Number of protein chains: 2
Amino acid sequence: MSRPRKIAEENGSVSTEVIVERITTAMLEQRLPLGAKLGEEKLCAIFGVSRTKVRQALNRLARSQLVVLKPRRGAFLAEPTPEEARQVFEARRVIECEIFAQFTRSASEADLVALERHVEAERRAIRTDDVPLRNRLLGTFHVRIAEMVGNKVLTDILADLVTRSSLITLLLQSTQAASCSSDEHRALIAAIRARKGPLVQKLLREHIDHVERDLADIDGRASAFDLADALGSGIAARKSKAPVRRPRNGAAAGRGRAQGQP
Amino acid sequence: MSRPRKIAEENGSVSTEVIVERITTAMLEQRLPLGAKLGEEKLCAIFGVSRTKVRQALNRLARSQLVVLKPRRGAFLAEPTPEEARQVFEARRVIECEIFAQFTRSASEADLVALERHVEAERRAIRTDDVPLRNRLLGTFHVRIAEMVGNKVLTDILADLVTRSSLITLLLQSTQAASCSSDEHRALIAAIRARKGPLVQKLLREHIDHVERDLADIDGRASAFDLADALGSGIAARKSKAPVRRPRNGAAAGRGRAQGQP
DNA sequence: ACGCTAGTTCTTGTATACAGGACAGCATGA
DNA sequence: TCATGCTGTCCTGTATACAAGAACTAGCGT
């Protein structure tokens, strides 16, 4: 597997950021299974750069907990434990409760309109089955609100947590879950517009809680994948073959209340 | 300045973590002024390693916002702006409020005893004018509570924020401030032992607020420093010369309510 | 036939070499 | 005298070479 199909980058070579972004995206789009080995040489071949840059990228990813670096063994996509998952969502609850509280007080009409447009984009992505875009938008909804509140420190922290959440919920993504999530985003906006602080808090907690409820399902997961395929095309690759590979048992898709991305 | 006095590491060479730790410590001990340039070659000479490791360390430090990497210019110790400082403390308030609330509910007697011992150590360091140890302990008090609550994700986030706080408050450290801080730690423990949730919240907010109150003073700062000196000896270097160099105007020390480390 | 050991090969960790941009200092001209 | 352009030097960014540990395979012994 994994014929090293090199990505020719027209202008010189790809930057470290691009590599980080590509790997993150590939992960978010479920083209890389949890625990996948990320060999340095292979990544070099794929991105057409030297190991120096690849290692920089892997270090960066390791610090955001997306990959685990085992000494003398190499880099592997993280496999969050249920306990770790619980803690990530707990952290989100803490931080987002405060962010939403502030936002409920400070949100301008322009902010709310922008958010509504965001949710519109979510729904479009869901309708058209654009899984990569959908996942991305469902996550960035929360980050955008943090940005609007204006605390960059908290925004950065939350962005990291959202990405980790995405990694965690990869296994139980489904169109239905995405749809639920998007509906809840709408409800949140409505409550914020009405300045109903307590209601916002309640909805937010429920929204995040929905994910954890199905967390026990993190277990059986897949094996075969092609590294070059997964990292092949750039941001939001959607060019080929089956709409999306879902290398896991299809059971998750049919569950009652599987919440994909909060 | 900065004669490259090499640190001979007996067993092979120092690891990346050690370099990170040394630079962080030097910063926390005020041996490096804000904005100081951290030249790669100089660090190589000081630690006796190649640029590879030094760059790894610098990247790590950049990630935790302790140094800023200016492209093609090099690495510099961060100089947090007042606005950034405000955001860091805001983030701490958000996270610590929740942590303390949980801790007030869950704290065991053993936890409280351990904390009291910690405060004892703080006071000892203050009495003996062990500035490095003092600063470290005043910061880790908060992290230890987070550890006791048991959420590793939140603990890691808070640890980063505490370090950044330390960087920010470097300019207004004083024995008096440290003493106040330690007293407030004691008051917090007492309130927690009494399980007085609201009181804990009030004390905590005041405790963190005290720092921000003097934040406007971040401006005039120093110039001359010796990189090799600053990074010379290992963890908690206290071997030489004047007790501690304070490369700033001495005014801060005499202020009414200068809060060093929350 | 199965398990253990030794050799080989592959991968990572570290150092070094090379290339290109940035800054400082000097010279030149207005 | 001051501003501006140039050049040399230093430093960073990137690639590559080398060393050492880990995994894999094959061979041997039981």
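Just so we're clear, the structure is a prediction, and the values are computed from it rather than from any experiment. Each chain gets a letter, A, B and so on, in the order the sequences are listed, and its residues count up from 1.
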Problem - For atom CZ of F47(A) and atom P of dT14(D), their distance in whole Å - result: 15 Å
Practice task
Send over the distance from R72(A) CZ to dG21(D) P, rounded to a whole Å.
Solution key: 6 Å
Exercise for the section: Would you check if there is a donor-acceptor pair between the side chains of R31(B) and T25(B) at a distance under 3.5 Å? Expected result: no
Problem - Q87(A) side-chain N/O to K152(B) backbone N/O, donor-acceptor pair under 3.5 Å - result: yes
Exercise for the section: Look at E40(B) together with R55(B) and state whether they make a salt bridge at an N to O cut-off of under 4.0 Å. Expected result: yes
Problem - Integer-rounded Å distance: dT11(C) C1' and L38(A) CG - result: 14 Å
Handout entry: Along DNA chain C (nearest heavy atom to each residue), the more 5'-positioned of T52(A) and A75(A)
Key = A75(A)
Exercise for the section: Return no unless some side-chain N or O of R73(B) is found under 4.0 Å from OP1 or OP2 of dT12(D). Expected result: no
Completion exercise
note: E40(A), atom CD; dT12(C), atom P; distance rounded to Å ~ 4 Å
Exercise for the section: Could you tell me the separation between the NZ atom of K53(A) and the P atom of dA15(D), rounded to a whole number of Å? Expected result: 5 Å
Handout entry: Phosphate contact (dA23(D) OP1 or OP2) by K37(A) side-chain N/O below 4.0 Å
Key = no
Practice task
Establish, with yes or no, whether the OP1 or OP2 oxygen of dA15(C) is under 4.0 angstrom from a side-chain nitrogen or oxygen of R51(B).
Solution key: no
Exercise for the section: Return the value, rounded to whole Å, for the distance between atom CD of E41(A) and atom C1' of dA23(D). Expected result: 16 Å
Problem - 4.5 Å side-chain heavy-atom contact, R51(A) and L43(A) - result: no
Fill in the blank from the handout: Closest to the 5' end of DNA chain D, once P71(A) and Q56(A) are matched to their nearest nucleotides, is Q56(A)
Practice task
Look at K70(B) and dG13(D) and indicate whether a side-chain polar atom (N or O) is within less than 4.0 Å of OP1 or OP2.
Solution key: no
Practice task
Identify whether any heavy atom of R55(A) sits under 4.0 Å from a base atom; if not, whether one sits that close to sugar-phosphate; answer base, sugar-phosphate or nothing.
Solution key: base
